Amino acid sequence: MFNKEIEFSAHEDYFALKQDCPTPIKLNIPEWFKKLEHTIQFKTIKGCIPFLDTLTSGYLLKMPQDFYVRHNVDNKNEKGEEFKDSFQTYGLHDMSQLLVAKHVNLNAGFDTHTQKQVEGSPFIEKNKNLPFYKIINPWKIKTPKGYSCLFVPPLNNTDDRFSIISGIVDTDVFPNEINFPIIINGDKYPILETTIKKGTPYVQIIPFKRDNWKMCLKPRKQKEIQNSRLFFGLKIMNTYKDKYWNKKLWK
């Protein structure tokens, strides 16, 4: 029985488009993973349940529109001034105007953070000392009382060109849409000119209950360690899945 609900809502005009709605992330399992075989003779990561949990836990946001990126590329504006980056989109911050403005290049589907806002972080070098673009997300996210959301790049399935800066939001009380700063993968692409297509997965959302925690440290007895390892070695495959794993349902 499902007694927890995560709600995604958007402006009625955008919602009516029925485009790139949030989905359970389990619908986005990569093809390379699906094609893997896991057998007694040849064990692969397909038999690793903790890895599978990363691919199936939570929900997925997709790019709401095309984003054309010229990052660390020599550019000139209409005044002849040189600059190193541009990020062009179609649309408006106000999604109520999207239907009438969708064919006009307004450069308004994003916002930026300056380097000063993350000064000293490893993000700056990776992003080639350029501004950090923030994707404007049309979906407001609402969770039950006491529940927050962890926002991360799709775990073990990230686009190799960019990733969001991870964060946690108390989505039970936060009243607005959550927008996502991204980092260009300058380690792999020192210069990047690309279109991040509408529908590209870019955020994994994992709801969790807020609790207070206290850490403790304690030794383990040798006998306890031996007994646990002995039990774990009694089966050739699937010990963790059959004995310890709790299946999670995401709909």
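What you see is a predicted model, and the numbers here were worked out from it, not measured in a lab. Because only heavy atoms are used, hydrogens play no part in the values below, and waters and symmetry mates are left out as well, while side chains stay in.
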Is [Y] reachable from [X] through a run of hydrophobic residues whose side-chain heavy atoms are each under 4.5 Å from the next?
| X | Y | value |
| --- | --- | --- |
| Tyr14 | Ile141 | yes |
| Ile45 | Leu155 | no |
| Ile25 | Leu27 | no |

Does a side-chain heavy-atom distance below 4.5 Å link [X] with [Y]?
| X | Y | answer |
| --- | --- | --- |
| Pro50 | Asp53 | no |
| Phe33 | Asn157 | no |
| Val152 | Ser166 | yes |
| Leu192 | Asn185 | no |

Reference residue Asp172; test salt bridge (charged side-chain N to carboxylate O under 4.0 Å, His left out); the match among Lys142, Arg210, Lys209: Arg210
Could you give the distance from [atom1] ([X]) to [atom2] ([Y]), rounded to the nearest 0.5 Å?
| X | Y | atom1 | atom2 | result |
| --- | --- | --- | --- | --- |
| Thr194 | His71 | OG1 | NE2 | 12.5 Å |
| Ile182 | Ile164 | CD1 | CD1 | 10.0 Å |
| Lys126 | Ile184 | NZ | CD1 | 10.5 Å |
| Leu60 | Gln204 | CG | CD | 7.5 Å |
| Ile40 | Asn238 | CD1 | CG | 9.0 Å |
| Cys48 | Asn156 | SG | CG | 9.0 Å |

Run the side chain to side chain donor-acceptor pair (under 3.5 Å) test against Asp159 and tell me which residues pass, sequence neighbours left out. Arg161
Salt-bridge test for Lys34 and Glu31: reply yes if a basic N is under 4.0 Å from a carboxylate O, no otherwise. yes
Answer yes when Glu177 and Lys140 have at least one side-chain N-carboxylate O distance shorter than 4.0 Å, and no when they do not. no
Before giving the answer on side chain to side chain contact (heavy atoms under 4.5 Å, CB included), spell out for Val203 and Asn137 the whole-Å C-alpha distance, their side-chain angles and the decisive distance to 0.1 Å. CA-CA 10 Å; Val203 178; Asn137 161 43; over 6 Å; no
Suppose we call two aromatic rings close when their centres sit under 6.0 Å apart. Are Phe151 and Phe180 close by that rule? yes
Just checking, is any N or O donor in the side chain of Asp66 or Thr195 under 3.5 Å from an acceptor N or O on the other one? no
Are more than 12 heavy atoms, taken from residues, nucleotides or ligands other than [X], located less than 6.0 Å from that residue's [atom1] atom?
| X | atom1 | answer |
| --- | --- | --- |
| Glu37 | CD | no |
| Lys248 | NZ | yes |
| Asp211 | CG | yes |
| Tyr189 | OH | yes |

Going by side chain to side chain contact (heavy atoms under 4.5 Å, CB included), name the residues that satisfy it together with Asn176, two or more places apart in sequence or in a different chain. Phe174
Verify side chain to side chain contact (heavy atoms under 4.5 Å, CB included) between Ile49 and Trp245, making sure each step is shown before the conclusion. CA-CA 8 Å; Ile49 298 302; Trp245 181 54; 3.3 Å; yes
What pairs of donor and acceptor atoms, side-chain ones from residues 17-24 against any protein atom, are under 3.5 angstrom apart with sequence neighbours left out?
residue	atom	partner	partner atom	Å
Gln19	OE1	Lys198	NZ	2.5
Asp20	OD2	Lys198	NZ	2.9

Would you please test Glu7 and Ser9 for side chain to side chain contact (heavy atoms under 4.5 Å, CB included) and show each step? CA-CA 6 Å; Glu7 177 187 281; Ser9 59; 4.2 Å; yes
Does the plane of the ring in Phe8 sit parallel, tilted or perpendicular to the ring in Trp139? Use 30° and 60° as the thresholds. perpendicular
Report the C-alpha separation of Tyr133 and Asn127 in whole Å, then their side-chain angles, then the decisive distance to 0.1 Å, and conclude whether the side chain to side chain contact (heavy atoms under 4.5 Å, CB included) test is met. CA-CA 10 Å; Tyr133 295 105; Asn127 208 57; over 6 Å; no
Within the distance-only criterion (no hydrogens, no angle test), does the side chain of Ser57 pair as donor or acceptor with the backbone N or O of Thr54 below 3.5 angstrom? no
